[in-house]
S.K.: 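Please read through the structure below; I'll follow up with questions.
Not measured: the values here are computed from a predicted model. Labels below follow one simple rule: chain letters A, B, ... track the order of the sequence lines, proteins then strands, and each chain is numbered from 1.
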Protein chains: 2
Amino acid sequence: MPQKDDFDLQNFLPYLLNQAAEESSLAFQQVYKDRYGMLRTEWRVLFHLGLYGRLTAKEIGARSKMHKTKISRAVQRLEERRFLTRAPDDADRRQEYLDLTVQGRAAYRDLHGVAQGYDAALADTLTAEEERILRAALRKLARMG
Amino acid sequence: MPQKDDFDLQNFLPYLLNQAAEESSLAFQQVYKDRYGMLRTEWRVLFHLGLYGRLTAKEIGARSKMHKTKISRAVQRLEERRFLTRAPDDADRRQEYLDLTVQGRAAYRDLHGVAQGYDAALADTLTAEEERILRAALRKLARMG
DNA sequence: TGTTGTTAGTTACAAAATCAACCGTTAACA
DNA sequence: TGTTAACGGTTGATTTTGTAACTAACAACA
């Protein structure tokens, strides 16, 4: 029982997805790294706080599916660099509320704008139909509904 | 000039791509790790050699876009575990030809089959049109033509 | 209350990725 | 030829990630 011999790495979805993900994030990665010295985890935490406002680390974890140790370390670094502050929750002292500082919000606005422009530029390499179906298919594969 | 406020992480293509890539590779990762103790870099090198036959590390790098240190270390581990051998190139002694051993080819055939089945299972969560357009769009984004 | 189990978050240690410097070989060319 | 630059590949130091064990706080319920 021979295998279809046109099955190579370029046809393997996980590989294709990974290549596309890496390639497509390269230029943007450079921006948050160069402008704010951030790692991807930090940019993600910043983005969540900028978009949804005050959150706990747990809530960020639930939304982003990042592991809690990644979040913990990202929060530490963002705090050190004065992009966010922690506020104790008196009703449950295990958790802390995270808020962006003025500086954090400025970075968020800046990067949000860059991301939007970058996303549009990527989408421009696709037809409208491709873009729509790509997004739908990716959501399915990522199990986001 | 306000920003479109429906732009969140779930709409940011690099993020979506990354989530889909991670989610979709999880189960397969488990297979080459459990059966052969391989890392992703090693599975990729193995796959390239299985698919294209004898290659140098440089050629694997050109095809896979992996960094040369990753490839160097993956080759080392695959050699230690007797999945491949090195053959000197007398015409250019800087480089070596890499060949799979019998054991390496067996692992390749096994994993190739698993990958094919896994890819088909992923594709089954999509409609035929979605699948076709997804692959085309990913190739564009990954700049593979 | 007291015990047991769970949760939010951190820390310690191991595994892996990244980056720069490096070695031996080949190429370019004076 | 002799010198310099470029190349293929490896190594070592540093950074980042992953895994598990941990702390402090809360919850459930005898």
Side-chain angles (χ1 to χ4, degrees), chain A residues 18-19 21-23 25-27 29-30 32-34 36-46 48-49 54-81 84-99, chain B residues 18-19 21-23 25-27 29-30 32-34 36-46 48-49 54-81 84-99:
Chain A
N18 190 73
Q19 297 284 111
E22 264 178 39
E23 182 63 38
S25 69
L26 222 78
Q29 199 165 48
Q30 212 52 48
Y32 56 71
K33 188 182 157 205
D34 289 351
Y36 303 101
M38 285 185 197
L39 263 27
R40 195 167 57 207
T41 49
E42 291 155 32
W43 137 253
R44 282 191 187 171
V45 167
L46 181 93
H48 280 273
L49 291 171
R54 165 175 282 201
L55 294 171
T56 66
K58 184 200 173 188
E59 290 166 332
I60 296 177
R63 287 176 190 277
S64 69
K65 287 167 189 159
M66 279 193 284
H67 191 83
K68 60 184 183 173
T69 62
K70 265 189 182 174
I71 296 172
S72 172
R73 291 194 259 242
V75 167
Q76 259 178 290
R77 289 196 47 170
L78 287 170
E79 189 189 22
E80 280 165 21
R81 291 154 187 249
L84 63 77
T85 56
R86 303 174 196 243
D89 174 4
D90 291 327
D92 183 348
R93 292 202 314 268
R94 286 172 303 182
Q95 60 185 16
E96 291 172 311
Y97 290 115
L98 305 172
D99 300 283
Chain B
N18 190 73
Q19 297 285 111
E22 263 176 39
E23 181 62 39
S25 68
L26 222 78
Q29 199 164 49
Q30 212 53 46
Y32 55 72
K33 188 182 157 205
D34 289 351
Y36 302 102
M38 285 186 198
L39 263 29
R40 194 167 60 207
T41 51
E42 292 155 33
W43 136 253
R44 281 192 188 171
V45 166
L46 182 92
H48 279 275
L49 290 172
R54 164 174 283 201
L55 294 171
T56 65
K58 184 199 173 190
E59 289 167 333
I60 295 177
R63 287 176 191 277
S64 69
K65 286 167 191 159
M66 280 193 284
H67 191 82
K68 61 184 183 175
T69 63
K70 267 189 184 175
I71 296 172
S72 172
R73 284 173 171 130
V75 167
Q76 260 178 290
R77 289 196 46 170
L78 288 171
E79 188 188 22
E80 280 163 22
R81 291 152 188 249
L84 62 77
T85 56
R86 304 174 196 243
D89 174 5
D90 291 326
D92 183 347
R93 292 203 312 268
R94 286 173 302 182
Q95 61 185 16
E96 292 171 312
Y97 290 115
L98 306 172
D99 299 282

S.K.: Using whole Å, what does the distance between atom P of nucleotide C/dA8 and atom CD of A/E59 come to?
M.R.: 10 Å
S.K.: Give the rounded distance in Å between these two atoms: CE of B/M38 and C1' of C/dA15.
M.R.: 18 Å
S.K.: Using a cut-off of less than 4.0 Å, is there contact between a side-chain N or O of A/S72 and OP1 or OP2 of C/dT10?
M.R.: yes
S.K.: Distance check needed: D/dA25 P versus A/D89 CG, whole Å only.
M.R.: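 Rounding to the nearest Å, CG of A/D89 and P of D/dA25 are 13 Å apart.
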S.K.: Rounded off to whole Å, could you give me the CG-to-P distance for the A/N18 and C/dA17 pair?
M.R.: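 After rounding, the gap between these two atoms is 12 Å.
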S.K.: With nearest nucleotides of DNA chain D determined for B/E96 and A/K68 from heavy-atom distances, which residue corresponds to the more 5′ nucleotide?
M.R.: B/E96
S.K.: Please check this pair: side chain of A/E59 against backbone of A/T56, looking for a donor-acceptor N/O pair closer than 3.5 Å.
M.R.: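 Yes: the side chain of A/E59 pairs with the backbone of A/T56.
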S.K.: Without decimals, in angstroms, what is the distance between A/I71 CD1 and D/dT17 C1'?
M.R.: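 Roughly 14 Å, once rounded to whole Å.
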S.K.: Could you point out which residue of B/L78, B/T85, B/I60 forms a side chain to side chain contact (heavy atoms under 4.5 Å, CB included) with B/L98?
M.R.: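 Of B/L78, B/T85, B/I60, side chain to side chain contact (heavy atoms under 4.5 Å, CB included) with B/L98 is met by B/I60 alone.
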S.K.: Check every strand shown and say whether B/T56 touches a base, only sugar-phosphate, or nothing at a heavy-atom separation below 4.0 Å.
M.R.: sugar-phosphate
S.K.: Picking from C/dA20, C/dT11, D/dC26, which would you name as closest to the side chain of A/R93?
M.R.: D/dC26
S.K.: In whole angstroms, how far is the P atom of C/dT10 from the CD atom of A/E80?
M.R.: 12 Å
S.K.: Check the distance between C/dA27's C1' and B/R94's CZ and give it to me in whole angstrom.
M.R.: 8 Å
S.K.: Among B/K33, B/K70, B/R77, B/R73, which residue satisfies the salt bridge (charged side-chain N to carboxylate O under 4.0 Å, His left out) criterion with B/E42?
M.R.: B/R77
S.K.: Contact class for B/L39 (heavy atom, under 4.0 Å): base, sugar-phosphate, or nothing?
M.R.: sugar-phosphate
S.K.: Any N or O donor-acceptor pair linking the side chain of B/R73 to the base of C/dT18 at under 3.5 Å?
M.R.: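 By the distance-only test, yes, there is a pair.
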S.K.: Are any of B/R77's side-chain N or O atoms less than 4.0 Å away from OP1 or OP2 of C/dA16?
M.R.: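 Yes.
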S.K.: When you match A/D92 and B/K33 each to their closest nucleotide on DNA chain D, which lands nearer the 5' end?
M.R.: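 Nearest nucleotide further toward 5': that of B/K33.
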S.K.: Taking OP1 and OP2 of D/dG8, is either one under 4.0 Å from a side-chain nitrogen or oxygen of B/R86?
M.R.: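 So the side-chain polar atoms of B/R86 never come under 4.0 Å of the phosphate oxygens OP1 or OP2 of D/dG8.
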S.K.: Has the side chain of A/S25 got a donor or acceptor atom that lies under 3.5 Å from a matching backbone atom of A/A21?
M.R.: yes
S.K.: OP1, OP2 of D/dT16 versus side-chain N and O of A/K70: anything below 4.0 Å?
M.R.: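 Result: no.
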S.K.: Send over the distance from B/H67 NE2 to D/dG8 C1', rounded to a whole Å.
M.R.: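 Taking NE2 of B/H67 and C1' of D/dG8, I get 12 Å after rounding.
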S.K.: If only side-chain N and O atoms of B/Q76 are considered, is one of them under 4.0 Å from the OP1 or OP2 phosphate oxygen of D/dT11?
M.R.: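 For D/dT11, OP1/OP2 do have a side-chain N/O of B/Q76 under 4.0 Å.
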S.K.: Identify the heavy atoms of B/I71 and B/M66 that sit nearest to each other, and give their distance.
M.R.: CD1-O, 3.7 Å
